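Shown next, in structure tokens, is the structure this report addresses.
All of these numbers come straight from a predicted model, not from anything done at the bench.
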Amino acid sequence: MDVQPYLTPAVALIGAMSASFIAWRFGSIQADIARQQARTAQNKLKLDLFDKRVAVYNAIAEYINLSPESVAERGGMGDYIPRFAPVKWLFDEKIADWLYGELLPQVAIYHLEGAMLVFVNGHPVDMQQYTKFNDMGAALQDQHLQLANLFRPYLQLEHGPST
């Protein structure tokens with residue numbers, strides 16, 4: 001029996017199957033790489049968003065802690081306001097409403113009250129005004145808890161298995 005007529009198609013079939021397997025394997029590797037790159041890009045986006053949110057959180061926390069004296073030395077609070085602008089895009093309306101509707105006005109009034117205090121020989125002239133100012137400062141410090149509660153859901157990086 002002469003196998004020569006069958007040998008050429010068999011070699012061609014084996015070659016085609018080998019080429020198909022190699023092409024499939026390279027395609028699988030490329031698909032895995034593409035999935036890894038997509039996962040890396042998604043994680044980078046999460047990290048960038050986290051970094052921007054932390055920057056706003058830190059700016060607000062610093063703002064709450066400003067003393068009237070430091071505001072006077074700085075010449076106002078204007079350099080903080082641009083640092084709050086991303087709130088509109090990085091968080092929901094609840095945080096923006098709290099910041100612009102509650103916190104900023106409260107801090108502004110606190111600083112105005114502080115600017116109106118008059119001291120003589122290290123003692124406040126108007127004790128009632130001084131007490132009001134201190135009470136406002138204590139209420140303002142309570143805003144740190146509100147800040148932490150509002151921002152908590154936004155300041156969490158999810159760590160899990162890399163699947």
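Once rounded to the nearest 0.5 Å, the distance linking CD of Gln141 with CE of Met136 reads 12.5 Å. Atom CG of residue Leu45 and atom OG1 of residue Thr40 lie 12.5 Å apart, to the nearest 0.5 angstrom. Atoms NZ and CZ, on Lys46 and Phe50 in that order, are 12.5 Å from each other to the nearest 0.5 Å. For the atom pair CD of Gln129 and CG of Asn134, the computed distance is 11.0 Å after rounding to the nearest 0.5 Å. Remark: Glu62 CD to Arg83 CZ distance equals 4.5 Å, nearest 0.5 Å.
Side-chain contact between Leu103 and Leu140: present, with at least one pair of heavy atoms (C-beta onward) separated by less than 4.5 Å.
Between Phe84 and Tyr63, the ring planes are perpendicular. Angles over 60° get that label, and only those under 30° would be called parallel.
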What pairs of donor and acceptor atoms, side-chain ones from residues 88-98 against any protein atom, are under 3.5 angstrom apart with sequence neighbours left out?
residue	atom	partner	partner atom	Å
Asp92	OD1	Lys94	N	3.1
Asp92	OD1	Ile95	N	3.3
Asp92	OD2	Tyr154	OH	2.7
Trp98	NE1	Gln143	OE1	3.0

Which pairs would a plain distance check flag for residues 26-37, meaning a side-chain donor or acceptor within less than 3.5 Å of a matching protein atom at least two apart in sequence or in another chain?
residue	atom	partner	partner atom	Å
Ser28	OG	Trp24	O	3.1
Asp32	OD1	Arg35	NH2	2.4

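Linking ILVMFWY side-chain heavy atoms closer than 4.5 Å, directly or via other members, places Ile60 and Leu155 in a single hydrophobic cluster. Connection of Phe133 to Met127 is established within a shared hydrophobic cluster, with ILVMFWY side chains joined at heavy-atom distances below 4.5 Å, either directly or through further cluster members. Hydrophobic cluster membership is shared by Tyr100 and Ile64, with clusters built from Ile, Leu, Val, Met, Phe, Trp and Tyr side chains linked at under 4.5 angstrom. In the hydrophobic cluster analysis, where Ile, Leu, Val, Met, Phe, Trp and Tyr join through side-chain heavy atoms closer than 4.5 angstrom, Val54 is grouped together with Val56.
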Legend entry - Intermediate values then yes/no, salt bridge (Lys or Arg N to Asp or Glu O under 4.0 Å), Asp48 and Lys52: CA-CA 6 Å; Asp48 289 347; Lys52 290 177 189 304; over 6 Å; no
